[in-house]
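So the structure is just underneath, and the comments pick up after that.
Labels below follow one simple rule: chain letters A, B, ... track the order of the sequence lines, proteins then strands, and each chain is numbered from 1.
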Amino acid sequence: MSATTAAVPFWRAAGMTYIGYSNICAALVRNCLKEPFKSEAASREKVHFSVAKWADGKQEKPMLWKLGDLTWFFMLQLSAQMMNKDLVPW
Amino acid sequence: MAMAVLRREGRRVLLSSPSPAAAMAARSPAVSQPEIAPLGARSISTQVVRNRMKSVKNIQKITKAMKMVAASKLRAVQIRTENSRGLWQPFTALLGDAPNVDVKKNVIVAITSDKGLCGGINSTSVKVSKALHKLTSGPEKESKYVILGEKGKVQLIRDSKQSIEMTVSELQKNPINYTQIAVLADDILKNVKFDALRVVFNKFESVISFKPTMTTILSPEVMEKESESGGKVGDLDSYEIEGGETKSEILQNLTEFQFSCVLYNGALENACSELGARMSAMDSSSRNAGDMLDRLTLTYNRTRQASITTELIEIISGASALEG
Amino acid sequence: MKPRPPTPASIPTKLTVNFVLPYKSEIDNKEVDMVIVPATTGQMGVLPGHVATITELKPGVLSVHEGNDVTKYFVSSGFAFVHANSVADIVAVEAVPVDQIDPSLVQKGLAEFTAKLGSASTDLEKAEAQIGVDVHSALNAALAG
């Protein structure tokens with residue numbers, strides 16, 4: 001393998017992981033489908049879970065991930081996370 | 001009505017000659033139920049047994065219904081699980097599986113269920129996680145938990161509170177899909193430092209058999225180290241990297257993607273196992289309820305017949321006392 | 001997991017392809033003549049006997065050639081591994097047959113994201129807009145070609 005370190009892809013430089021990148025791509029593709037494929041694909045995009053971080057044996061305030069349409073709001077979540085803001089529940 | 005009149009007649013007889021009636025009253029309850037009817041009361045109360053029978057029958061109905069619900073849900077999830085099984089196989093074909101890799105930071109991702117009444121699968125997952133934790137902790141090594149599901153959290157809180165890094169719940173509100181798990185995997189990767197991730201879940205073999213399974217995912221740095229030192233991952237070097245990026249860049253993307261695929265498959269398998277375990281738990285519960293109902297019916301009949309016999313004896317002895 | 005076939009001594013005539021998505025196995029152990037995958041460096045053709053390769057995929061068209069049949073899928077992203085034993089594994093997050101794509105939505109998306117790219121301020125917004133532009137241009141190219 002070449003020894004020269006290639007520049008990291010633009011999305012990694014902006015703080016995304018590969019998973020984030022691939023999810024955004026997939027959501028965008030799903031958005032461009034014809035009906036009825038689009039509505040069947042919508043069921044593959046629902047996200048709902050609640051995460052709580054722990055520190056020193058104590059549970060901190062849980063954060064709820066709740067997304068219907070992933071396309072736009074994934075990006076919002078990412079930016080909220082970057083700025084350490086609370087997620088907008090909806 | 002006539003019976004009631006005779007009963008009242010009998011009561012007067014009872015008060016005058018308490019011993020035979022009292023003896024009758026004392027014998028029957030001792031045979032049937034622990035609640036001794038107070039001496040002097042009329043018939044042995046079948047109300048208590050009847051109430052128990054009603055509640056046991058209700059329980060049987062509920063558990064039967066829960067079994068049906070679990071069976072129908074299982075059919076849907078099973079299809080998706082089988083479809084997802086092909087997802088992790090390419091990664092294992094490429095990178096191999098190295099369960100006994102020795103690293104400094106281990107993170108144990110335990111997948112459990114949110115709801116209970118599903119038999120022993122959550123306890124087995126927690127047992128395996130605890131054993132792993134013991135194996136992977138020591139001087140210079142540490143291991144932390146990331147717990148998916150309420151039941152696992154409840155069990156691990158009791159003695160391993162300090163080692164918990166993150167807990168996740170409400171995962172099964174919507175049917176599990178890849179996007180959801182990928183977002184979760186992303187969250188875990190961003191917040192938890194690891195050298196090796198060990199995902200513990202129950203693999204769904206059949207409706208009655210679930211095997212606790214562990215999958216290991218190495219971080220890109222460890223993966224590179226292992227591939228250089230040879231061994232199972234050693235073949236990795238023989239692969240050309242197409243894309244002009246460095247090997248570590250591709251490896252990083254690869255391990256992230258592998259984690260999310262493996263977690264997806266693990267979550268689905270665990271969901272299947274949970275439904276299968278719930279089916280068998282509810283099935284045995286219904287069967288037990290049925291057995292209990294049979295026993296109670298026998299008791300009820302015996303009690304009822306004893307009280308009728310008592311009545312008859314009193315009436316007859318009363319009648320014979322009046323005659324002679 | 002089924003054990004993989006060992007590396008044969010001579011180059012085999014057919015390529016065995018596994019194309020998996022999270023929600024199903026699109027192609028399972030099928031023998032084909034060639035696949036063309038959209039690698040990050042461009043369209044890469046994989047023939048039987050191809051050197052062992054790991055490649056990351058970018059949004060683009062994946063085509064499977066079997067005799068005279070060509071099946072085309074649009075892949076959003078993923079990885080392709082070619083093993084020494086002429087087995088190709090393609091793992092994608094989302095893949096749709098090209099005829100399921102709606103051209104008007106593609107045009108609309110492309111216009112939106114190009115506008116976003118212009119107005120983006122933070123690194124993150126720029127990256128997101130760039131991804132949008134990339135994906136939609138690839139979709140456009142897939143529909144055209």
*Please say whether more than 12 non-hydrogen atoms of neighbouring residues, nucleotides or ligands are located less than 6.0 Å from NZ in C:K14.*
yes
*Side chain from CB out, backbone as N, CA, C, O: work out which of these in A:F10 comes under 4.5 Å of a heavy atom of chain C, or both, or neither.*
both
*Do the side chains of A:K38 and C:D102 get nearer than 4.5 Å, heavy atoms only?*
no
*Is the closest side-chain heavy-atom distance between C:V96 and A:F37 below 4.5 Å?*
no
*Taking atom CG of A:L28 and atom CG of C:L110, what is their separation to the nearest 0.5 Å?*
11.5 Å
*Could you tell me which non-hydrogen atom of C:I101 sits nearest to which non-hydrogen atom of A:K34, and how far apart they are?*
O-CE, 3.3 Å
*asked:* Please report the interatomic distance CG(C:D123) to CE(A:M16), rounded to the nearest 0.5 Å.
replied: 10.0 Å
*Closest non-hydrogen atom pair between A:Y21 and C:P59, with its separation*: OH-CD, 3.8 Å
*To the nearest 0.5 Å, tell me how far C:S76 OG sits from A:N23 CG.*
8.5 Å
*chain A contacts, top residue of C:G132, C:S104, C:A127 (heavy-atom pairs, under 4.5 Å)*: C:A127
*Which distance, rounded to the nearest 0.5 Å, do you find between the CG of C:L139 and the CG of A:N31?*
10.5 Å
*Could you state the interatomic distance from CD (C:Q107) to SG (A:C32), rounded to the nearest 0.5 Å?*
9.5 Å
*Counting only heavy atoms closer than 4.5 Å, note whether C:V135 contacts chain A via side chain, backbone, both or neither.*
side chain
*What are the two closest heavy atoms between A:S22 and C:V93, and how far apart are they?*
CB-CG2, 3.8 Å
*Might you point out which heavy atoms bring A:C25 and C:I131 nearest each other, and give the distance in Å?*
SG-CG2, 3.9 Å
